[in-house]
Amino acid sequence: MSRFDRISTPIAGLIVVERQRRGDDRGFFSRFFCREALADFGGDGKIAQINHTLTQAAGTIRGLHFQQAPHDEAKFVSCLSGAVFDVAVDLRPDSATYLQWHGEVLSADNGRSMMIPGGFAHGFQTLTEDCELIYLHDKPYAPEAEGGLNPLDPGLAIAWPLPVSQMSPRDQALPLLPNRIVAARR
Ligand SMILES: Cc1cn([C@H]2C[C@H](O)[C@@H](COP(=O)(O)OP(=O)(O)O[C@H]3O[C@H](C)C(=O)[C@H](O)[C@H]3O)O2)c(=O)[nH]c1=O
């Protein structure tokens with residue numbers, strides 16, 4: 001029995017991973033990550049950093065963040081409390097889905113993770129209060145390489161499920177895509 005089910009998305013390389021649970025009358029056991037079963041994470045399944053966030057208000061958006069190459073990191077994003085609408089945007093310039101986004105509900109209940117390759121921007125909106133996320137990264141944090149896209153950019157037209165309740169000042173100030181890039185995509 002596989003410990004993980006893979007669900008493909010319309011964007012090549014962007015995978016939803018559903019963690020299988022073995023329940024009994026105490027609750028359940030599930031394997032959270034496995035380098036052997038998820039060796040395609042970051043190319044060799046190695047984890048460089050694990051981050052944890054708590055976001056208290058429903059409707060909050062964090063992101064859209066990425067790191068410039070060669071610090072472009074793969075992320076394995078999971079929600080252990082509450083529920084979020086998790087979004088990845090394809091920033092790979094040669095990709096057929098360049099600048100396309102895909103969103104998935106990740107929740108404590110559905111046991112789903114988003115496995116995001118390097119070359120994507122990532123963000124999420126909380127659908128409930130008190131959402132806790134765990135991010136596995138295949139490369140370490142490199143603040144000098146940090147970049148971001150404005151999550152409310154009409155050029156991306158991300159269908160956030162809730163009215164936006166909170167964003168950091170940094171995320172509010174993230175740049176919009178240049179018109180020439182948006183026009184070229186259509
Ligand atoms: C990412 C990161 C940040 N930090 C510091 C930098 C800031 O002083 C503070 C908060 O960082 P930031 O405002 O980037 O946190 P979020 O807005 O939650 O962004 C995160 O959530 C979005 C959705 C992501 O995908 C990123 O992984 C991550 O940037 O932690 C660190 O010390 N180490 C780290 O690895």
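We count ligands from 1, going down the list as the structure has it; atoms in each ligand are counted the same way.
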To the nearest 0.5 Å, how far apart are CE in Met115 and CZ in Phe120?
11.5 Å

Is atom CD of Glu144 surrounded by more than 12 heavy atoms (other residues, nucleotides or ligands) closer than 6.0 Å?
yes

Using a cut-off of 6.0 Å, state whether more than 12 heavy atoms not belonging to Asp44 lie near its atom CG.
yes

Residue and atom name of the nearest protein heavy atom (relative to [atom]), distance in Å to one decimal:
atom: atom 21 (O) of ligand 1; result: Tyr135 OH, 3.3 Å
atom: atom 28 (C) of ligand 1; result: His65 ND1, 3.7 Å
atom: atom 11 (O) of ligand 1; result: Arg170 NH1, 4.7 Å

May I ask you to say whether [X] pairs ionically with [Y], meaning some side-chain N is under 4.0 Å from a carboxylate O?
X: Asp86; Y: Lys75; value: no
X: Glu146; Y: Arg170; value: yes
X: Lys139; Y: Asp72; value: yes

Among Phe66, Phe124, Tyr141, closest by heavy atom to atom 34 (C) of ligand 1 is Tyr141

Polar-atom distance check: His137 versus ligand 1, any N or O pair below 3.5 Å?
no

Looking at ligand 1, does any of its N/O atoms fall within less than 3.5 Å of an N/O of Asn51?
yes

Using a distance threshold of 4.0 Å (strictly less than), state whether [atom] has a protein heavy-atom neighbour.
atom: atom 18 (O) of ligand 1; result: yes
atom: atom 24 (C) of ligand 1; result: yes
atom: atom 13 (O) of ligand 1; result: yes
atom: atom 9 (C) of ligand 1; result: no

With no hydrogens and no angle check, just 3.5 Å: does a side-chain donor-acceptor pair link Ser95 and Asp90?
yes

Which of the atoms in ligand 1, numbered in the order shown and given with their element, are less than 4.0 Å from a heavy-atom of [X]?
X: Gln49; value: 35 (O)
X: Lys75; value: 24 (C), 25 (O), 26 (C), 27 (O)
X: His122; value: 23 (C), 24 (C), 25 (O)

How about Phe41 and Phe33: are their ring centroids closer than 6.0 Å?
yes

Could Arg22 and Phe29 be counted as a cation-pi pair, given that NZ or CZ must be under 6.0 Å from the ring centre and within 45° of the axis?
no

Under 4.0 Å between heavy atoms, the region of Arg62 that gets near ligand 1 turns out to be both

